[in-house]
Trainee: 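Provided herewith is a single structure, encoded as structure tokens, for subsequent inquiry.
Nothing here was measured: the structure is a model prediction, and the numbers come from that model.
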Amino acid sequence: MKITVDHGLCDGLGQCALVAPEVFALDDEERLVVAPEAARGAAGKVAAAARACPVRAISVEGS
């Protein structure tokens with residue numbers, strides 16, 4: 001699965017990190033960080049995290 005974050009849109013609200021903390025996190029500057037290898041079997045949580053993003057900064061391809 002390919003996860004893309006538009007950092008220009010991301011406001012660092014962290015909704016994605018609440019839904020899928022094994023994949024998404026905020027760094028010390030509240031910039032979104034995506035785990036280099038999304039956990040196998042986490043496709044559902046990743047999709048839910050993308051939907052939870054209020055500014056739609058996350059897109060997911062494949063699964």
Trainee: What's the separation between atom SG in Cys53 and atom CG in Leu13, rounded to the nearest 0.5 Å?
Mentor: 7.5 Å
Trainee: Which pair of non-hydrogen atoms, one from Glu29 and one from Asp27, has the smallest distance, and what is that distance?
Mentor: N-OD1, 2.9 Å
Trainee: How close do Cys10 and Val55 get, heavy atom to heavy atom, and via which atoms?
Mentor: CA-CG2, 4.2 Å
Trainee: Under the side chain to side chain contact (heavy atoms under 4.5 Å, CB included) test, which residues partner Val34, sequence neighbours left out?
Mentor: Ile3, Val5, Val23, Phe24
Trainee: Please give me the minimum heavy-atom distance between Glu22 and Ala42, naming the atom from each residue.
Mentor: OE2-CB, 4.5 Å
Trainee: Of the non-hydrogen atoms in Val19 and Lys45, which two are nearest, and what is the gap between them?
Mentor: O-CE, 3.3 Å
Trainee: Specify the closest pair of heavy atoms between His7 and Leu32, including all atoms of both residues, with the distance to one decimal.
Mentor: CE1-O, 3.2 Å
Trainee: Please report the shortest heavy-atom distance between Ala57 and Leu9, naming the atom on each side.
Mentor: CB-CB, 3.9 Å
Trainee: Are the side chains of Leu26 and Val33 in touch, meaning some heavy atoms are under 4.5 Å apart?
Mentor: no
Trainee: For the CZ atom on Arg56, are there more than 12 heavy atoms of other groups (residues, nucleotides or ligands in this structure) within a distance under 6.0 Å?
Mentor: yes
